[in-house]
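Reviewing the structure listed below.
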Amino acid sequence: MGYPNGVAPQGNQPLFSFGVITDVQYADIPDGRSFIGVPRYYRNSILVLQRAVQKWNNHQNISFSLNLGDIVDGYCPKDQSLNAVRKVAKEFENFNGPVYHMIGNHCLYNLPRSKLLPLLSIPSVDTCAYYDFSPIPEYRFVVLDGYDISAVGWPHDHPHTIEALKLLDEKNPNVEKNSPNGLVDLERRFLKFNGAVGKEQLKWLDNILQDATKSNQKVVVCCHIPLDPGATSKEALLWNYDEVMDVIHRYDCVKACLGGHDHQGGHSVDSHGVHHRVLEAALECPPGTDAFGYIDVFEDRLSLIGTDRMASSEMVFNH
């Protein structure tokens, strides 16, 4: 496209770019359907990942890639879980740069945290999977552990499991805790396949955002489970998304939140101008189609260039 006087606008070159993919949910089993009947392509999803890695490598300017969780599927036969996770992790390792993983519910159906985190090189303290990193001084990425308080992944007698089960019993009267039957509006998020961010992690997040503000950094928050009702179905929200967003909204540094989990994806801008982009799932790509992308990071916006089923999005910061 032509620019007046032939001068391109300022900020035309991204500061850096990074790859994104979510919900690969690979398993060496025949195709199936979700509980609401959406087709799922368990073997094909690893091919989507292979094409993603190839495209990121060909681009040559992708600084790192982000996997937003659910690396293998819950239907993966349990005696194959370890090999399936290793197999998908190996595909990610073909990317010419660092890969940052987060954990999802399907990961935890397959392996306990103690096994899973080392396989995905997730930096952790006491097998909690939250951490942050800074690819350039002006930007910081915060990876949340959405299954910190969860009925999956911890030993059954762990305080985090006990807290999660207590919350589910209070909020969800159904015998099947993954059923939202009878739950109204936002209460529909109290399902077993979701989780919460615990008190320690909230405190950690607050400290990180305080530090980022002092350092004049812009922050991108990443969590497998979405944090805004405008970007996702109510059944796919973090249990205490409101508490997490209360912390985030105390500061002006957070510009965008990225998530997975809700396979059809979504995009919203909340009341404080924070963008929420939930990414479309690799698992639901019929053979020959794709869902992955990369994000160009600028001073004033994030620009998601999606492939095929992953919609491209502009996330322009409001201040």
Side-chain angles (χ1 to χ4, degrees), residues 1-22 55-56 59 61-66 68 100 102 132-144 205 208-209 212-232 236-238 241 244-262 264-280 291-319:
M1 79 189 251
Y3 296 107
N5 319 326
V7 178
Q10 276 291 290
N12 214 19
Q13 279 303 310
L15 302 169
F16 63 95
S17 305
F18 64 95
V20 286
I21 194 166
T22 192
K55 194 155 180 180
W56 298 333
H59 182 288
N61 260 334
I62 305 284
S63 305
F64 60 90
S65 64
L66 266 188
L68 281 108
Y100 296 97
M102 53 210 83
D132 70 308
F133 64 96
S134 191
I136 62 168
E138 298 86 338
Y139 266 89
R140 191 184 288 206
F141 284 70
V142 174
V143 175
L144 297 179
L205 175 63
I208 292 282
L209 298 184
T213 302
K214 278 194 201 112
S215 312
N216 209 8
Q217 289 174 315
K218 295 183 173 77
V219 176
V220 178
V221 171
C222 311
C223 183
H224 178 66
I225 316 178
L227 301 172
D228 185 60
T232 182
L237 269 173
L238 190 80
Y241 77 91
V244 172
M245 290 313 301
D246 279 348
V247 174
I248 286 174
H249 288 155
R250 270 176 222 155
Y251 303 93
D252 284 333
C253 56
V254 178
K255 302 302 174 188
C257 298
L258 302 177
H261 197 46
D262 185 347
Q264 62 187 19
H267 183 194
S268 65
V269 183
D270 70 24
S271 58
H272 288 63
V274 178
H275 286 265
H276 295 261
R277 182 66 174 87
V278 177
L279 301 171
E280 292 80 0
F292 57 81
Y294 65 89
I295 293 180
D296 285 336
V297 179
F298 298 88
E299 192 61 38
D300 61 345
R301 70 193 185 282
L302 300 181
S303 190
L304 166 61
I305 293 89
T307 302
D308 203 0
R309 295 168 65 90
M310 186 174 285
S312 295
S313 314
E314 283 294 319
M315 293 168 257
V316 180
F317 312 151
N318 67 350
H319 48 75

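Between the Q264 side chain and the E280 main chain, no donor and acceptor come within less than 3.5 Å of each other. Between the W56 side chain and the N61 main chain, no donor and acceptor come within less than 3.5 Å of each other.
At a threshold of 4.5 Å between non-hydrogen side-chain atoms, the residues P226 and H261 count as touching. In this structure the side chain of T22 never reaches within 4.5 angstrom of the side chain of L258, judged on heavy atoms. In this structure, R301 and M315 have side chains that are not in contact, with every pair of non-hydrogen atoms separated by 4.5 Å or more.
For H275, the ring pair (Phe, Tyr, Trp, His ring centres under 6.0 Å) partners two or more places apart in sequence, or in a different chain, are H267. The side-chain contact (heavy atoms from CB on, under 4.5 Å) check on S303 picks up D296, F298, I305, E314, with sequence neighbours excluded. Residues satisfying the side-chain contact (heavy atoms from CB on, under 4.5 Å) criterion with T307, sequence neighbours excluded, are K55, D290, F292. With sequence neighbours left out, Y251 forms a ring pair (Phe, Tyr, Trp, His ring centres under 6.0 Å) with no residue at all. Residues forming a salt bridge (charged side-chain N to carboxylate O under 4.0 Å, His left out) with D132 (at least two apart in sequence, or on another chain): R140. Residues passing the side-chain contact (heavy atoms from CB on, under 4.5 Å) test with P229, sequence neighbours excluded: L186, L237, Y241. Partners of S65 under the side chain to side chain donor-acceptor pair (under 3.5 Å) rule, at least two apart in sequence or in another chain, do not exist in this structure. By the side chain to side chain donor-acceptor pair (under 3.5 Å) test, S268 is found to be paired with D228, residues two or more places apart in sequence or in another chain being considered. Scanning for side-chain contact (heavy atoms from CB on, under 4.5 Å) contacts around L15 gives I136, Y139, E299, with sequence neighbours left out. Every residue was checked against the salt bridge (charged side-chain N to carboxylate O under 4.0 Å, His left out) condition with R309, not counting sequence neighbours, and none meets it. Checked against side chain to side chain donor-acceptor pair (under 3.5 Å), S313 has the following partners two or more places apart in sequence or in another chain: R277.
Taking the six-membered ring for Trp and the full ring otherwise, F141 and Y100 have centroids separated by 6.0 Å or more.
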Margin query: Working note: H272 + N318, criterion side-chain hydrogen bond (donor to acceptor under 3.5 Å, both in side chains); need CA distance, chi angles, decisive distance, verdict.
Written below: CA-CA 9 Å; H272 288 63; N318 67 350; over 6 Å; no
